[in-house]
Participant: 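Sharing a structure with you now.
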Amino acid sequence: MFGKKLVSRKKAVSFCTFMIMLSLIGCSHLEEKLVDNSEKKSLNETIILPDGSIVNPDGNMKLAEGSVSYGLFDVDGKLVQSGDTILVKDELVKGTVNFQQNIPGKEIEYTLIMLVDYVQRQFLVKKESCLNYLFSLKGEDSMEVEIELPLPAEAETLTFLIIPEPNVLNLDFDTEEGRNNLFQTHNYYTITCCLNSCGNDEKELNFSEELIAYDENTTSLFMTKDLKVHKIMSECNSREKVKILIGNTTEYKKTYIMLAFLNWEQVMINREPHQLFEVEADRGYYYELEVPDVEKESPYQIFMIENPFNPSLGDWNLSTMRTIIKP
């Protein structure tokens, strides 16, 4: 565990290796503080990060209320950040996922999902195989879990997703509890690292040709039934057709990969495990898809990861509001 029980091999790099996420009404504002080992040794005073988190000279960190931090270490205790290469040995990747929160109130459940080349994979925790790993934290708390993952041949990327409150089904926007649940389940936490090598030439990638130009460019990612009325879609029916609004208000082109999960198992998006998009600068689009068929009420959510094949710190990752698909 880290924080009050931080193991010594990680204490020296704790604050410079974790990203701090401050959530404001369902939107994520990312604050990053990166210091290499040589700089870290020269620090002799307390540092206050932009979100209010406090970093002590010994590397211990006191998270600001409402914040979380997360990270990935390899078997040698070395930090692996987005875009870094993680050690692979005997076609296995091993590491430790760390997650810390300072969120007053009720206990919060999370699920950990592992992806190889953006396809969900079984992984080992304490020698037991799982498709996702559930854990719960309350108040100011943390967890550390060692994972082991067999790799297919020529795999290039490893990604983890940590999703809050995976079992929450009350997303009724007309009630206070439902609204709070919608906002709480909007965020997710992710890191993508490289396996031996990483970095594809985007000219060689197959981008979806099914993006449709759209006049409005006011949202980054939003799921709706109606292009004329953009209403939060807290529920829908099996096999219902929906539109995914995708916007880019920056002055440069962006690349995203889109993933969809039903009951926290990856599902196809228009007959493919994922979709790759090239989103031009200052442009709006929409993408049409049919949600899965279900036999019981099931949570469904779409995630988009920026720079999927050339990951780096500062990439801006998106998600739709969670919806419940009804049979």
Side-chain angles (χ1 to χ4, degrees), residues 1-6 14-15 17-31 49 51-54 60-73 96-115 120 123 125-126 130-147 159-173 175-191 232 234-235 259 261-265 297-303 317-324:
M1 305 288 286
F2 69 101
K4 294 182 180 179
K5 297 182 180 180
L6 184 67
S14 62
F15 88 94
T17 63
F18 287 88
M19 291 185 285
I20 309 303
M21 183 74 74
L22 176 63
S23 299
L24 297 173
I25 317 179
C27 298
S28 298
H29 179 61
L30 187 63
E31 303 289 354
L49 300 183
D51 76 326
S53 295
I54 298 173
N60 282 314
M61 180 167 57
K62 171 74 172 178
L63 283 177
E65 188 172 297
S67 293
V68 307
S69 67
Y70 53 100
L72 175 66
F73 290 88
T96 301
V97 176
N98 294 265
F99 190 88
Q100 179 181 354
Q101 70 167 37
N102 183 4
I103 303 177
K106 66 175 185 177
E107 185 174 64
I108 299 175
E109 189 174 52
Y110 299 91
T111 191
L112 170 66
I113 292 172
M114 304 299 301
L115 308 168
Q120 189 176 14
F123 59 100
V125 177
K126 298 179 181 178
C130 51
L131 195 60
N132 50 60
Y133 176 77
L134 286 171
F135 63 95
S136 298
L137 300 176
K138 185 175 182 179
E140 190 172 6
D141 201 359
S142 62
M143 78 88 193
E144 179 177 272
V145 58
E146 295 181 1
I147 59 101
T159 303
F160 77 66
L161 306 177
I162 296 177
I163 299 166
E165 299 291 20
N167 295 314
V168 166
L169 299 180
N170 177 10
L171 304 176
D172 183 0
F173 192 74
T175 68
E176 182 178 359
E177 181 184 1
R179 287 193 298 273
N180 289 339
N181 288 341
L182 271 169
F183 294 138
Q184 189 172 22
T185 59
H186 188 208
N187 291 326
Y188 71 108
Y189 313 101
T190 184
I191 287 175
I232 290 176
S234 57
E235 64 179 45
L259 313 170
F261 290 85
L262 178 72
N263 274 332
W264 315 116
E265 292 188 20
E297 291 189 0
S298 304
Y300 179 72
Q301 197 161 7
I302 287 175
F303 304 95
N317 304 308
L318 311 168
S319 69
T320 61
M321 291 285 189
R322 186 178 302 172
T323 190
I324 303 302

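Throughout, residue positions are numbered sequentially from 1 according to the sequence presented.
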Participant: Got a sec, which residues hit ring pair (Phe, Tyr, Trp, His ring centres under 6.0 Å) with Y300, two or more places apart in sequence or on another chain?
Facilitator: none
Participant: Angle class for the Y110/F135 ring planes (parallel below 30°, perpendicular above 60°, tilted otherwise)?
Facilitator: parallel
Participant: Are T190 and F303 close enough that some pair of their side-chain heavy atoms sits under 4.5 Å apart?
Facilitator: no
Participant: Distance from L171 atom CG to I324 atom CD1, nearest 0.5 Å?
Facilitator: 4.5 Å
Participant: In the structure I gave you, are the side-chain heavy atoms of F261 and L161 within less than 4.5 Å of one another anywhere?
Facilitator: yes
Participant: Tell me, please, which residues at least two apart from D172 pass side chain to side chain contact (heavy atoms under 4.5 Å, CB included).
Facilitator: N170, D174, T175
Participant: Could you give me the CA-CA distance, side-chain angles and deciding distance for I147 and L112, then say whether side-chain contact (heavy atoms from CB on, under 4.5 Å) is met?
Facilitator: CA-CA 10 Å; I147 59 101; L112 170 66; 4.2 Å; yes
Participant: For S319, what residues pass the side chain to side chain donor-acceptor pair (under 3.5 Å) criterion, not counting sequence neighbours?
Facilitator: none
Participant: Should V97 and M143 be marked as a side-chain contact (heavy atoms from CB on, under 4.5 Å) after you check the CA-CA gap, both sets of side-chain angles, and the distance that decides it?
Facilitator: CA-CA 8 Å; V97 176; M143 78 88 193; 4.1 Å; yes
Participant: How about R322 and I163: do any of their side-chain heavy atoms sit closer than 4.5 Å?
Facilitator: yes
Participant: Taking the side chain as every heavy atom from C-beta outward, state whether S69 and F99 have any atom pair closer than 4.5 Å.
Facilitator: no
Participant: Is atom CD of E107 surrounded by more than 12 heavy atoms (other residues, nucleotides or ligands) closer than 6.0 Å?
Facilitator: yes
Participant: Test your reading of the model: is there a side-chain donor-acceptor pair from Q301 to the backbone of L262, 3.5 Å cut-off?
Facilitator: no
Participant: Can a donor-acceptor pair be found, under 3.5 Å and without considering hydrogens, that links the side chain of S53 to the backbone of A64?
Facilitator: yes
Participant: As a quick check of understanding, evaluate side-chain contact (heavy atoms from CB on, under 4.5 Å) for K62 and E140, giving each step before the final call.
Facilitator: CA-CA 9 Å; K62 171 74 172 178; E140 190 172 6; 2.8 Å; yes
Participant: With no hydrogens and no angle check, is any side-chain donor or acceptor of S298 less than 3.5 Å from a backbone partner on N263?
Facilitator: no
Participant: Would you say L72 and N98 make side-chain contact, with heavy atoms under 4.5 Å?
Facilitator: no
Participant: State, yes or no, whether a side-chain contact exists between I232 and L182 at a heavy-atom distance under 4.5 Å.
Facilitator: yes
Participant: Determine, stepwise, if the pair V68 / L137 fulfils side-chain contact (heavy atoms from CB on, under 4.5 Å).
Facilitator: CA-CA 11 Å; V68 307; L137 300 176; over 6 Å; no
Participant: Measure the acute angle between the ring planes of F183 and F173, then classify it against the limits of 30° and 60° as parallel, tilted or perpendicular.
Facilitator: perpendicular
Participant: Heavy atoms only: give me the nearest L259-L115 pair and the separation to one decimal.
Facilitator: CD1-CD1, 3.6 Å
Participant: Begin with the C-alpha distance, continue with both residues' side-chain angles, and end with the deciding distance and a verdict on side-chain hydrogen bond (donor to acceptor under 3.5 Å, both in side chains) for S67 and D51.
Facilitator: CA-CA 8 Å; S67 293; D51 76 326; 2.7 Å; yes
Participant: For residues T96 and E146, report the shortest heavy-atom separation together with the two atoms involved.
Facilitator: OG1-CG, 3.6 Å
Participant: Is it true that a side-chain atom of E65 and a backbone atom of N102 form a donor plus acceptor pair closer than 3.5 Å?
Facilitator: no
Participant: Applying side chain to side chain donor-acceptor pair (under 3.5 Å), name anything that partners T111, two or more places apart in sequence or on another chain.
Facilitator: none
Participant: Please round to the nearest 0.5 Å and tell me the distance separating atom CG of N187 and atom CD1 of I162.
Facilitator: 12.5 Å
Participant: Rounded to the nearest 0.5 Å, what's the gap from CD1 on I108 to CD on Q101? Could you check?
Facilitator: 4.5 Å
Participant: List for me each residue that meets side chain to side chain donor-acceptor pair (under 3.5 Å) alongside N180, sequence neighbours excluded, and say none if there are none.
Facilitator: none
Participant: Can you name the nearest heavy-atom pair linking I191 to G71, along with the distance?
Facilitator: CD1-CA, 4.0 Å
Participant: Using the side chain to side chain contact (heavy atoms under 4.5 Å, CB included) criterion, which residues pair with L131? Sequence neighbours excluded.
Facilitator: Q120, Q122, E265
Participant: Check side chain to side chain donor-acceptor pair (under 3.5 Å) between Y133 and all other residues, then give those that pass, not counting sequence neighbours.
Facilitator: none
Participant: Of all residues at least two apart in sequence or in a different chain, which pass the ring pair (Phe, Tyr, Trp, His ring centres under 6.0 Å) check with F160?
Facilitator: none
Participant: With E109, which residues qualify under side chain to side chain contact (heavy atoms under 4.5 Å, CB included), at least two apart?
Facilitator: L134, S136, E165, P166, N167
